[in-house]
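Read the structure below first, then the notes.
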Amino acid sequence: MKVLALAGDGIGPEIMTQALLVLSELEKFGFKCKVVSMPIGGAGYDAYGDPLPAETLKEAADSSAILLGAVGGPQYNALPRELRPEQGLLRIRKELGLFANLRPAVAHEELLDSSSLKASVIKGLDVMIVRELTGDIYFGEPRGQRTTDSGEREGFDTMLYRDSEVARIARSAFEIAQKRSFKVCSVDKANVLDTSILWRQVVSEVAKEFPAVSLSNMYVDNAAMQLVRDPHQFDVILTGNMFGDILSDQASMLTGSIGMLPSASINTDGKGLYEPVHGSAPDICGTDQANPLAIILSLAMMLRYSLERDDLAKKIELAVKSVLQRGYRTPDIKQVGCDLVGTRFMGQLVCEAL
Ligand code: NAD
């Protein structure tokens with residue numbers, strides 16, 4: 001098994017170091033894998049003049065799974081769009097066909113007070129958003145700007161889904177639901193959009209392949225409301241690219257800090273890119289303040305979804321929980337009466353807990 005580590009920019013290398021220490025700690029459970037490190041984003045541009053160097057892409061194609069830190073930084077802001085760090089990320093997702101984006105929103109018992117919602121609303125929350133990542137209005141053609149006959153400027157995009165794209169992401173959601181609570185809620189806007197009418201039809205057809213999983217449908221505006229009113233009604237939320245973009249950020253924030261949020265993007269072969277939801281946090285880079293738990297929890301997702309080691313994923317998640325239970329916090333999740341620790345010590349604590 002080969003894991004590609006793409007540390008990237010800003011706090012990326014700091015948190016990646018901790019994630020790789022946790023990965024090597026798994027050797028004590030008999031787990032071994034080869035780790036290869038390559039540059040991406042601004043680091044790719046600095047080393048090879050390209051945010052996704054050919055060498056990095058080659059290693060990515062040749063790896064079982066990819067772990068990514070973060071990309072971007074103010075020093076790259078003046079670069080032309082195709083050379084900017086974010087392009088490295090967009091291109092690797094496209095090249096590997098990573099169509100399924102998984103964003104869990106889990107309320108850690110120990111961090112309930114970090115949420116802006118009442119603890120009673122989010123206690124025990126565990127939702128998985130499955131978002132389609134390569135289609136929809138972000139990629140549909142035609143798109144652009146034009147001037148009308150009356151001289152007014154207008155902008156336009158095309159919302160478009162083919163049934164094969166919908167069926168593929170629906171199957172991913174149902175398969176994930178089979179590993180959880182056997183419940184899928186498909187979110188669309190079928191009262192207004194033709195794309196959503198097709199979406200709903202195809203999802204219902206795919207549902208027949210998974211008789212043990214119950215399917216419900218919800219309009220996106222209602223889903224946004226229900227997520228803050230009573231998020232416990234959801235288990236797996238299946239949705240398209242644009243609705244998922246918005247709902248996944250909303251759902252993840254139910255649980256508090258950005259430094260705690262993992263994500264996965266997976267292709268048809270089960271290969272995945274695993275990364276924290278946060279960016280490169282240039283404001284705290286080099287200060288040992290970054291929370292490494294989001295990337296460590298991304299590593300757990302990698303073990304579960306690409307490396308078929310759910311047992312080890314659970315061990316990492318339990319180790320994180322025990323460190324939080326013992327009252328250790330990085331500055332972004334600090335609470336009165338807790339022990340404030342830095343990036344390195346937090347990583348060490350997780351290794352010890354393992
Ligand atoms: P950001 O997520 O980097 O930071 C937002 C805030 O959250 C900052 O105050 C930061 O200090 C804090 N934060 C982020 N991660 C943290 C962590 N692990 N521990 C503690 N605090 C943390 O978002 P931004 O400031 O909007 O963007 C900074 C750079 O990151 C930009 O160049 C942007 O393009 C890039 N970015 C990259 C990704 C990615 O690599 N997937 C995602 C978002 C933004």
Side-chain angles (χ1 to χ4, degrees), residues 4-19 22 38-46 51-52 56 60 66-94 96 98 101-103 108 111 114 116 131 133 244-246 248-249 252-253 255-265 272-299 301-302 320 323-324 328-335 338 340-347 349-350:
L4 177 63
L6 303 176
D9 312 316
I11 60 169
E14 300 167 44
I15 55 172
M16 179 62 79
T17 302
Q18 300 313 312
V22 171
M38 295 297 286
I40 193 169
Y45 174 78
D46 290 341
L52 181 62
T56 301
I66 303 154
L67 189 64
L68 181 122
V71 298
Q75 68 272 45
Y76 304 110
N77 285 353
L79 288 173
R81 193 160 111 174
E82 66 277 11
L83 293 179
R84 292 186 58 151
E86 297 74 17
Q87 289 300 317
L89 202 47
L90 294 177
R91 277 171 50 203
I92 197 169
R93 285 179 184 153
K94 189 160 184 277
L96 299 180
L98 304 172
N101 184 228
L102 315 187
R103 288 267 298 262
H108 298 272
L111 301 178
S114 317
S116 51
R131 165 190 170 196
L133 203 58
D245 191 1
I246 299 161
S248 61
D249 269 14
S252 59
M253 270 298 105
T255 64
S257 167
I258 193 164
M260 296 292 304
L261 302 169
S263 79
S265 307
L273 175 79
Y274 297 83
E275 56 178 321
V277 166
H278 62 72
S280 61
D283 52 332
I284 56 167
C285 171
T287 63
D288 195 41
Q289 288 186 72
N291 187 346
L293 295 181
I295 193 170
I296 290 172
L297 292 170
S298 302
L299 174 66
M301 287 187 85
M302 178 170 107
V320 168
V323 170
L324 294 174
Y328 294 106
R329 302 282 187 273
T330 44
D332 57 310
I333 49 173
K334 78 168 178 248
Q335 284 168 312
C338 285
L340 209 53
V341 298
T343 312
R344 290 193 293 267
F345 195 50
M346 185 55 106
L349 285 164
V350 175

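Numbering of ligands and ligand atoms starts at 1, following listing order. In this chain, residues are counted from 1 in sequence order. Everything quoted here is computed from the prediction, not taken from an experiment. Values below: all heavy atoms of this structure, side chains included; hydrogens, waters and symmetry mates excluded.
- At least one donor-acceptor pair under 3.5 Å links the side chain of Arg103 to the backbone N or O of Ser248.
- Which of Val277, Asp283, Asp9 comes nearest to atom 8 (C) of ligand 1 through a heavy atom is settled by distance: it is Asp283.
- No side-chain heavy atom of Leu273 sits less than 4.5 Å from a side-chain heavy atom of Met302.
- At a distance under 4.0 Å, no protein heavy atom can be found next to atom 5 (C) of ligand 1.
- A salt bridge links Glu275 to Arg93: one of the charged nitrogens lies within less than 4.0 Å of a carboxylate oxygen.
- Near Leu89, meaning under 4.0 Å from one of its heavy atoms, ligand 1 places the atoms 39 (C), 40 (O), 41 (N).
- Remark: ligand 1 atoms within the under-4.0 Å shell around heavy atoms of Glu275 are 41 (N).
- Between Thr330 and the choices Asn291, Thr343, Asp288, the side chain to side chain donor-acceptor pair (under 3.5 Å) rule is met once, by Asn291.
- For Ser280, a nitrogen or oxygen atom sits less than 3.5 Å from a nitrogen or oxygen atom of ligand 1, counting backbone and side chain alike.
- Of the protein's non-hydrogen atoms, the one nearest atom 35 (C) of ligand 1 is Val71 O, 3.2 Å.
- Counting heavy atoms under 4.0 Å from ligand 1, residue Pro282 touches it through the side chain alone.
- Taking any N or O of Gly73, backbone or side chain, at least one lies under 3.5 Å from an N or O belonging to ligand 1.
- When the options Ile295, Ile258, Ile40 are ranked by their closest heavy atom to atom 7 (O) of ligand 1, first place goes to Ile258.
- Remark: the Tyr76 side chain and the Asp46 side chain contain an N/O donor-acceptor pair separated by less than 3.5 Å.
- Atom 21 (N) of ligand 1 has its nearest heavy-atom neighbour, among Leu293, Ile284, Asn291, in Ile284.
- Nearest protein heavy-atom neighbour of atom 43 (C) of ligand 1: Gly279 CA, 3.6 Å.
- A donor-acceptor pair shorter than 3.5 Å can be found between the side chains of Arg329 and Gln335.
- The proximity of Thr330 to ligand 1, defined as any non-hydrogen pair under 4.0 Å, does not occur for either the backbone or the side chain.
- Within the 4.0 Å cut-off (strictly below), a protein heavy atom is located near atom 19 (N) of ligand 1.
- Within the 4.0 Å heavy-atom criterion, neither part of Ile15 lies near ligand 1.
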